Structures are given as structure tokens and as C-alpha cells.
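Only a predicted model underlies this, so the values are computations on that prediction, with no experimental measurement involved.
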Amino acid sequence: CYLLRHPAAAAAQPPALTVKTGESWMFAISRGQPVRARKVEPTVKPPPGQVVVTLRSMMGTTMSITSNNRQSFTYKAELIGADKPVPLRSCTLPANGRMSFEHWPQKAEAVRISDFRVARNDGSCP
């Protein structure tokens, strides 16, 4: 199929960050997507303008995410496992270095996060 092989078609898909169970990543948000992502230790505190996310296998899947941005964000999260990706509901990522915990009963190999948008309500869950 032309669309699957054409480089422009692949570039049209928005970038996302895939965090595997046991990993921690730090990244910035640009145009709603994670950028300049790099692995870090889970104890690292994000400097201004950065986000740190850690994924663990604990009674399902648990994710901690801390943003040291001035605004809160909503974001898209998907569980990645043996089957197809499962879209998830996620809480608002609070601003100013506060942490958010997410827990899902399903075990996952990874979580893919993307599509960050400035939130209207700080710290709310759908």
C-alpha cells in the first residue's frame, strides 16, 4: 500500500512516548507532544518545563507522572500489551511539580502517552 510505505504518511502520525514497565523518562512538551525524551532514574525531579513519568507493574499497571510546567495538562494514554493498544482515561496532569498517579487493573508491557493539551481544571479526573 502506498500510504503505509510513503515517508510523508509515517510523518503524519503524531509522535508519542512509549514507556515500558520498569522505565522512567523525562521529556518536554512541544505542540502537544513529548519531545527530547531520555531515560532517567525514577527518583529524578523534573526541572522547570520538564515532565517525568515512571511505569510499574503493581496489581495491574501503575504510572506516576510529575510535571514542572506552569500549566496543567490533559493527555492521551494507551496500554500496550499482547493485544491491540487499549485507550485509557487519564487524570489531569497537575502543574508546578505535583505528581499524579494512574492505576489500571490490566497488566501492560508499556503505556504510550501523547496529545498533551492545556487543562481547564487542575487535578481533575474524568
Side-chain angles (χ1 to χ4, degrees):
C1 174
Y2 174 78
L3 290 177
L4 293 177
R5 295 173 196 222
H6 192 272
Q13 188 176 27
L17 176 61
T18 299
V19 181
K20 293 180 181 177
T21 301
E23 292 182 341
S24 295
W25 288 79
M26 183 183 306
F27 61 93
I29 298 169
S30 178
R31 297 182 178 177
Q33 302 304 327
V35 295
R36 297 185 304 280
R38 60 186 172 93
K39 283 187 182 180
V40 295
E41 293 297 318
T43 55
V44 167
K45 303 287 184 222
Q50 298 286 302
V51 177
V52 171
V53 60
T54 300
L55 191 67
R56 292 190 172 95
S57 177
M58 188 182 322
M59 297 180 359
T61 303
T62 302
M63 182 176 77
S64 62
I65 185 165
T66 304
S67 172
N68 200 355
N69 285 282
R70 292 183 182 178
Q71 64 271 34
S72 300
F73 291 96
T74 60
Y75 60 96
K76 178 179 167 185
E78 295 177 298
L79 283 181
I80 308 298
D83 296 331
K84 64 181 182 175
V86 177
L88 304 167
R89 293 182 135 196
S90 58
C91 295
T92 300
L93 175 58
N96 301 317
R98 296 191 330 239
M99 184 182 291
S100 175
F101 283 101
E102 302 279 0
H103 178 266
W104 304 284
Q106 306 96 321
K107 278 203 170 216
E109 295 173 14
V111 171
R112 182 180 305 133
I113 55 176
S114 62
D115 299 335
F116 288 80
R117 309 234 185 282
V118 174
R120 285 180 254 172
N121 297 325
D122 190 23
S124 67
C125 287

Donor-acceptor pair, side chain of T74 and main chain of A119, under 3.5 angstrom
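Between the backbone of A119 and the side chain of T74 there is no qualifying donor-acceptor contact (under 3.5 Å).
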Find out if a path of hydrophobic residues (ILVMFWY) with successive side-chain heavy-atom gaps under 4.5 Å connects M99 to L93.
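No, it is not one cluster - the side chains of M99 and L93 are not joined through contacts under 4.5 Å.
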In chain order, what residues pass the ring pair (Phe, Tyr, Trp, His ring centres under 6.0 Å) check against F27, with sequence neighbours excluded?
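Result, ring pair (Phe, Tyr, Trp, His ring centres under 6.0 Å) vs F27: F116.
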Should [X] and [Y] count as side-chain neighbours, where that means a heavy-atom distance under 4.5 Å?
X	Y	answer
T21	S57	yes
T92	F73	no
P105	M59	no

Under the side-chain hydrogen bond (donor to acceptor under 3.5 Å, both in side chains) rule, collect the residues that match up with [X], sequence neighbours excluded.
X	value
T54	S24
Q50	none
N68	none
S64	none

To the closest 0.5 Å, what do you measure between [atom1] ([X]) and [atom2] ([Y])?
X	Y	atom1	atom2	answer
R112	L79	CZ	CG	10.5 Å
S67	N96	OG	CG	8.0 Å
R31	D115	CZ	CG	14.5 Å
I29	R117	CD1	CZ	11.5 Å
K76	S114	NZ	OG	5.0 Å
E78	I113	CD	CD1	11.0 Å

Which residues satisfy the side-chain contact (heavy atoms from CB on, under 4.5 Å) test with S30, sequence neighbours excluded?
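For S30, the residues satisfying side-chain contact (heavy atoms from CB on, under 4.5 Å) (neighbours in sequence not counted) are V35.
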List the residues meeting side-chain contact (heavy atoms from CB on, under 4.5 Å) with M58, not counting sequence neighbours, and say none if there are none.
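Expected list: R56, T62.
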Going by side-chain hydrogen bond (donor to acceptor under 3.5 Å, both in side chains), name the pairs with one or both residues in residues 36-47, residues two or more places apart or in two chains.
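Every side-chain hydrogen bond (donor to acceptor under 3.5 Å, both in side chains) pair that includes a residue of residues 36-47, provided the two are not neighbours, is E23-K39.
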Identify the two heavy atoms, one from A95 and one from S72, that lie closest to each other, and give their separation to 0.1 Å.
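Shortest heavy-atom separation between A95 and S72 comes out as N-OG, 3.4 Å.
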Can you list every ring pair (Phe, Tyr, Trp, His ring centres under 6.0 Å) pair that touches residues 29-52, not counting sequence neighbours?
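Listed once each, the pairs would be none.
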Show which residues join M26 in its hydrophobic cluster (side-chain heavy-atom contacts under 4.5 Å, direct or indirect), or state none.
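ILVMFWY cluster around M26 also holds V40, V44, V52.
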The test is side-chain contact (heavy atoms from CB on, under 4.5 Å); show your working for V111 and T18 and say whether it passes.
CA-CA 6 Å; V111 171; T18 299; over 6 Å; no
Evaluation steps, side-chain contact (heavy atoms from CB on, under 4.5 Å), between T61 and L55:
CA-CA 7 Å; T61 303; L55 191 67; 3.4 Å; yes
